[in-house]
Amino acid sequence: MDVVEVEGLRKEYRRFRGQPVVAVAGLDLAVPAGGVFGFLGPNGSGKTTTIRCLLGLAQPTSGRCRVLGADSRTDLRRVIARVGSLVEMPGLFPGLSARRNLSVLGRLEGLGPSEVQRVLERVGLAERADDPVRSFSLGMRQRLGIGIALLKDPELLVLDEPANGLDPAGIKEVRELLKGLADEGRTVFVSSHILAEVQQSCDRVAIMSKGRCVRSGPVDEVLTSGRSTGLIVRLADLDRGLAALTDAGLTATRGDGFLRVDLAAAEAERVTRALVRKRLYLTELRPEEVSLETVFLELTSGAEGGSG
Amino acid sequence: MTALLSGELRRLLSRRMIRVLTLLALAGIALAGILTFVNTEKVSDATLRQRAVDAEADVSQCLQGGGPPPVAPEPGDETLRGADREDLCRFRYDRVSDDRFKLEDLKGILQGVTAPLVIVAWVIGASSIGAEWQARSITTLLTWEPRRGRVLLAKVVAAVIVACVFSVLAWALVSAALLPSAFLHGTTAGTGGSWGRSMAAVVGRGTLMIAMATTVGFAVASIGRNTAAALGVGFAYFLVIENVVGSFLAGFRRWLILGNSIVLVSGEDGGGDVAGRSVLVAALYLSAVAMVLFGVATVLFRRRDVA
């Protein structure tokens with residue numbers, strides 16, 4: 001079952017003068033239950049607008065959003081207790097303490113002090129729980145925002161840039177938190193531009209560009225789709241090595257201090273055999289690493305792809 | 001709805017603005033009480049009677065040509081135009097100094113205090129929603145309670161409750177601050193049952209006025225999504241539109257908010273600047289203005305996107 005379904009979502013913002021701005025241009029998206037789903041895209045690609053439409057904060061110009069089976073436009077109340085969310089920077093009540101911020105919202109769903117305390121401990125704010133939020137750093141506010149999203153003990157978490165304002169240790173904690181939540185059987189839908197984090201914590205991703213989804217699927221598939229796999233070879237004499245590999249019928253190219261062989265990692269033996277025949281010895285042989293950042297930049301630098 | 005309203009009350013009461021307004025009000029009330037006490041004095045009935053006799057003697061002496069001459073009318077002074085010598089003598093000498101504080105006057109004082117309280121109510125109403133837009137806490141709240149109509153209703157009710165309680169406490173404290181002057185430096189004459197009822201009516205009408213001012217401030221800030229917008233619109237309306245329309249279009253005065261507010265607070269039919277306007281009609285008209293503005297704010301809040 002898909003916990004988030006987006007069909008033909010289009011969102012335009014009207015302006016006093018000129019053409020309307022198209023924030024989302026016909027987005028189709030399906031997020032299956034369970035795991036961490038990364039929602040990626042450069043600034044202005046329509047991520048936050050999509051999340052706002054999902055949470056009923058913005059009305060789609062056309063198309064449909066469904067969350068846990070409920071239409072976001074008309075039926076959200078039915079499922080809102082099962083959805084925790086954080087949209088951009090958390091909107092907090094600065095005069096209230098962290099505990100009071102949580103308890104005021106928690107009461108709307110009948111949640112008591114024990115649930116509030118559990119969340120404060122989970123996001124590492126138990127020691128500052130009774131300080132006013134206006135005295136909090138950006139990172140602490142972000143933690144509290146995540147805490148607000150967790151308070152309902154939700155099946156689905158929708159988090160928009162949850163690592164914003166966090167230091168490296170905080171980012172690591174968020175990554176572990178997201179993984180932990182997914183391990184508990186929840187679905188985490190997280191938008192982010194910190195691609196290294198997404199690559200480490202997400203099971204599936206969708207990449208947005210110019211209001212459209214240009215690629216989506218399991219992270220491994222997205223990383224490898226549309227590109228050949230390769231091996232990186234380092235040795236003392238690159239010229240002789242290149243000749244040896246070419247003579248052996250392999251496709252190899254010379255890089256800066258290395259050779260790239262167009263070959264799957266499972267066939268690495270063919271490389272070593274070709275080089276040994278010419279009495280050339282390796283200093284390094286490894287699969288070429290394709291980072292999400294590379295794929296992301298390729299897909300979003302002016303590319304107009306179809307949704308995957 | 002109870003949980004929503006309770007949360008809104010907690011949030012509103014935690015605002016620094018409420019604490020600042022409370023402190024300012026307490027300081028102002030204390031100062032008013034002290035100044036009133038210092039500027040009043042205990043005068044016995046015998047002393048007052050003697051002062052009246054002395055004043056009458058001065059008038060008689062003046063009429064007979066004795067004592068300092070009566071005040072001559074200043075050029076352009078309409079008050080004493082055509083006055084004869086007796087009028088001038090009485091104008092100068094027929095005055096009995098009475099520096100007692102009269103508890104009977106409390107009714108007028110509370111009516112006067114209502115004007116600044118209406119401004120405070122406008123600020124509370126505007127700030128209660130304007131600050132939420134600024135802090136984006138409205139976004140957080142809507143991810144917990146997506147029924148926007150309920151959210152806005154709970155917020156305005158909370159703002160009205162806080163503003164009304166604030167005002168009632170302010171009236172009570174003003175009265176309390178003046179009691180030492182009334183009992184030690186004044187008189188409680190004229191404060192019977194009908195006075196008590198008229199005082200209750202002053203507080204009742206004032207509370208209604210406060211509720212409407214809060215609602216209007218709230219509605220304007222909700223439409224503009226900004227506290228400053230609501231305050232700016234308020235000042236622009238009262239300083240510009242009320243003055244311009246009031247000055248040049250006399251027929252429209254009956255539809256101006258200020259005139260109707262004066263009728264309502266004073267409790268006198270045809271009071272203020274609106275001829276023939278009854279207190280009931282003024283109350284109904286102001287209520288309609290508040291309700292229409294709140295209705296517009298609700299429709300816009302339900303339809304517009306939330307950032």
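These numbers come from a predicted model, not from an experiment. In the text below, chain A, chain B and the rest are named by the order of the sequence lines, each starting its count at 1. Quick note: numbers below take in every heavy atom, side chains included, and nothing from hydrogens, waters or symmetry partners.
Nearest heavy-atom pair, A:Ile80 versus B:Trp144, reported as atom, atom and distance to 0.1 Å: CG2-O, 3.7 Å. Closest non-hydrogen pair, B:Ala135 versus A:Pro94, comes out as CB-CD, 4.4 Å.
Rounding to the nearest 0.5 Å gives a distance of 7.5 Å between OG1 of B:Thr143 and CG of A:Leu105. Note that CG of A:Asn101 is 8.5 Å distant from OG1 of B:Thr140, once rounded to the nearest 0.5 Å. Taking CD1 of B:Ile138 as the start and CG of A:Leu57 as the end, the distance is 10.5 Å to the nearest 0.5 Å. Expressed to the nearest 0.5 Å, how far SG of A:Cys53 lies from CG of B:Asp305 amounts to 7.0 Å.
Heavy-atom neighbours of A:Tyr13 OH from other residues, nucleotides or ligands within 6.0 Å: above the threshold of 12. Other residues, nucleotides and ligands contribute at most 12 non-hydrogen atoms within 6.0 Å of the CD atom of B:Gln134. More than 12 non-hydrogen atoms from other residues, nucleotides or ligands lie less than 6.0 angstrom from CZ of B:Arg19. Annotation: A:Glu127, atom CD; neighbour count of heavy atoms from other residues, nucleotides and ligands within 6.0 Å does not exceed 12. Summarising the local packing, CZ of A:Arg73 is surrounded by more than 12 heavy atoms from other residues, nucleotides or ligands at distances under 6.0 Å.
If you measure heavy-atom distances from A:Arg107 to chain B, the contacts under 4.5 Å come from both the backbone and the side chain. With a 4.5 angstrom heavy-atom cutoff, B:Glu132 touches chain A only via side-chain atoms. Contact of A:Leu92 with chain B is made through the backbone alone, with heavy-atom distances under 4.5 Å. Residue B:Ser6 touches chain A through its side chain alone, counting heavy-atom pairs closer than 4.5 Å.
Using a 4.5 Å heavy-atom cutoff, the side chains of B:Val306 and A:Arg52 are not in contact.
Ranked by heavy-atom pairs shorter than 4.5 Å toward chain B, the options A:Val158, A:Leu96, A:Leu76 are led by A:Leu96. For the options B:Arg147, B:Arg303, B:Glu145, B:Arg148, heavy-atom pairs under 4.5 Å to chain A are most numerous at B:Arg147.
Formation of a donor-acceptor pair under 3.5 Å by the B:Arg136 side chain with backbone atoms of A:Met89 is found in this model.
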request  = Report the C-alpha separation of B:Thr139 and A:Leu55 in whole Å, then their side-chain angles, then the decisive distance to 0.1 Å, and conclude whether the side chain to side chain contact (heavy atoms under 4.5 Å, CB included) test is met.
outcome  = CA-CA 10 Å; B:Thr139 306; A:Leu55 297 172; over 6 Å; no
- Query: side chain to side chain contact (heavy atoms under 4.5 Å, CB included) between A:Phe93 and B:Arg15: does it pass, once the steps are laid out?
  - Reply: CA-CA 9 Å; A:Phe93 310 109; B:Arg15 299 277 312 281; over 6 Å; no
